[in-house]
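Structure, as structure tokens:
Only a predicted model underlies this, so the values are computations on that prediction, with no experimental measurement involved. Reckoned from all heavy atoms, side chains included, excluding hydrogens, waters and symmetry mates. Numbering starts at 1 and runs along the sequence shown.
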Amino acid sequence: MDKPILAKDIMITKLITLTPDMDVLEAIGMLLKHRISGAPVLDADHRILGVFSEKCCMDVLIKASYEQLPSSQIFPFMDTQARCISEDTDLLTIAQIFLSTPTRRLPVVSEDRTLLGQISRRDLLQAGNKSLQFRTNLPQEKNLLYLSGIMNREESPIS
């Protein structure tokens, strides 16, 4: 039986991170410079406080257009409800989260919410694709698809 692929096996550990007191325009500039759609926001102990994403940047633009920015720091704009996962979360659970939510990245955290890494949709696709390619390259015995509730395999009209 194959060992399941876990978050710790595919997470990226070299991340661009932000601090809650960082200037919001500087943070937007960092996302653009590094061509990333979001970054974790960490406290001084490297615990995750939230995520600052392109969606958060849209909030900054709208508020700047209609009114004075309430703050020049990213803290009021970051997503403090960002979903996080543990390093033992399996690939299929991660895929289900990405499929059922608009989430584009999942911070991987320890029990005390210390950031360990992050998995993006692309990271998951690369790991899943690699796993599927490995499985399709294995020698396989020819199996017949049949509906066991209708007939036994031996009674199948297709040989």
Side-chain angles (χ1 to χ4, degrees), residues 1-140:
M1 189 167 157
D2 290 340
K3 181 181 114 180
I5 298 171
L6 303 177
K8 64 184 170 188
D9 301 323
I10 61 173
M11 69 183 181
I12 303 302
T13 56
K14 292 183 180 180
L15 300 171
I16 302 298
T17 60
L18 308 172
T19 60
D21 58 346
M22 180 178 249
D23 180 80
V24 72
L25 297 178
E26 181 185 348
I28 292 170
M30 284 185 69
L31 296 183
L32 293 170
K33 175 184 174 191
H34 294 284
R35 302 178 132 208
I36 56 176
S37 63
V41 180
L42 307 180
D43 68 12
D45 296 319
H46 299 289
R47 285 191 297 268
I48 191 159
L49 299 172
V51 171
F52 186 72
S53 66
E54 289 172 331
K55 185 175 180 181
C56 300
C57 295
M58 298 305 131
D59 190 31
V60 172
L61 292 175
I62 290 171
K63 288 187 172 143
S65 296
Y66 289 109
E67 57 190 78
Q68 292 285 49
L69 282 176
S71 171
S72 63
Q73 297 178 335
I74 65 172
F75 187 78
F77 299 102
M78 69 182 197
D79 178 6
T80 58
Q81 301 299 313
R83 183 185 293 254
C84 296
I85 59 173
S86 78
E87 62 183 340
D88 294 323
T89 306
D90 66 88
L91 183 119
L92 292 178
T93 300
I94 298 167
Q96 186 60 49
I97 292 168
F98 283 137
L99 184 63
S100 62
T101 68
T103 302
R104 296 178 64 144
R105 76 205 53 76
L106 289 167
V108 181
V109 298
S110 64
E111 285 185 29
D112 69 350
R113 305 222 4 118
T114 300
L115 182 68
L116 302 172
Q118 179 174 276
I119 297 174
S120 68
R121 289 178 178 178
R122 182 160 304 197
D123 299 328
L124 180 82
L125 286 173
Q126 287 174 338
N129 188 39
K130 200 178 294 184
S131 174
L132 289 174
Q133 285 178 358
F134 174 75
R135 287 186 183 160
T136 57
N137 290 334
L138 292 176
Q140 296 177 359

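- The closest side-chain heavy-atom distance from F52 to V24 is below 4.5 Å.
- Contact of the D9 side chain with the L6 side chain is registered, since non-hydrogen atoms from C-beta on lie closer than 4.5 Å.
- The CZ atom of R104 sits 9.0 Å away from atom CZ of R122, with the distance rounded to the nearest 0.5 Å.
- One distance of note links CD1 of I48 with OG1 of T80; it measures 11.0 Å at 0.5 Å rounding.
- Here the straight-line distance linking atom CD of Q118 with atom OG1 of T13 works out to 11.0 Å at 0.5 Å rounding.
- Nearest heavy atoms, A127 versus I10: CB-CG2, 3.3 Å.
- Residue L49 is tested with D79, I74, D43 for a side chain to side chain contact (heavy atoms under 4.5 Å, CB included); the sole match is D43.
- With hydrogens and angles left out, the side-chain atoms of D88 and S86 include no donor and acceptor closer than 3.5 Å.
- The 12-atom threshold is exceeded at CZ of R121, counting heavy atoms of other residues, nucleotides or ligands nearer than 6.0 Å.
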Please report the C-alpha distance between H46 and L115 in whole Å, then the side-chain angles of each, then the deciding distance to 0.1 Å, and finally whether the side-chain contact (heavy atoms from CB on, under 4.5 Å) criterion is met.
CA-CA 6 Å; H46 299 289; L115 182 68; 5.6 Å; no
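- Between F77 and C57 there is no side-chain heavy-atom pair separated by less than 4.5 Å.
- M30 has its side chain within reach of M22: a pair of non-hydrogen atoms, C-beta onward, lies under 4.5 Å apart.
- Side-chain atoms of N129 do not come within 3.5 Å of backbone N or O of Q126 as any donor-acceptor pair.
- Of all heavy-atom pairs spanning R83 and I97, the tightest one is CD-CG2, 3.4 Å.
- For the atom pair CD (E54) and CG (L32), the distance works out to 8.0 Å, reported to the nearest 0.5 Å.
- Within the model, atoms CG of L92 and CG of L99 stand 11.5 Å from one another, a figure rounded to the nearest 0.5 Å.
- A distance-only check finds a donor-acceptor pair linking the side chain of R105 to the backbone of S37 [under 3.5 Å].
- The closest donor-acceptor contact from the side chain of D23 to the backbone of L25 lies under 3.5 Å.
- Within the 4.5 Å cutoff, the side chain of V51 has heavy atoms near those of the P107 side chain.
- For F98, the CZ atom sits in a packed shell: over 12 heavy atoms of surrounding residues, nucleotides or ligands are nearer than 6.0 Å.
- Between atom CD1 of residue I94 and atom CD1 of residue I119 there is a gap of 4.0 Å, rounded to the nearest 0.5 Å.
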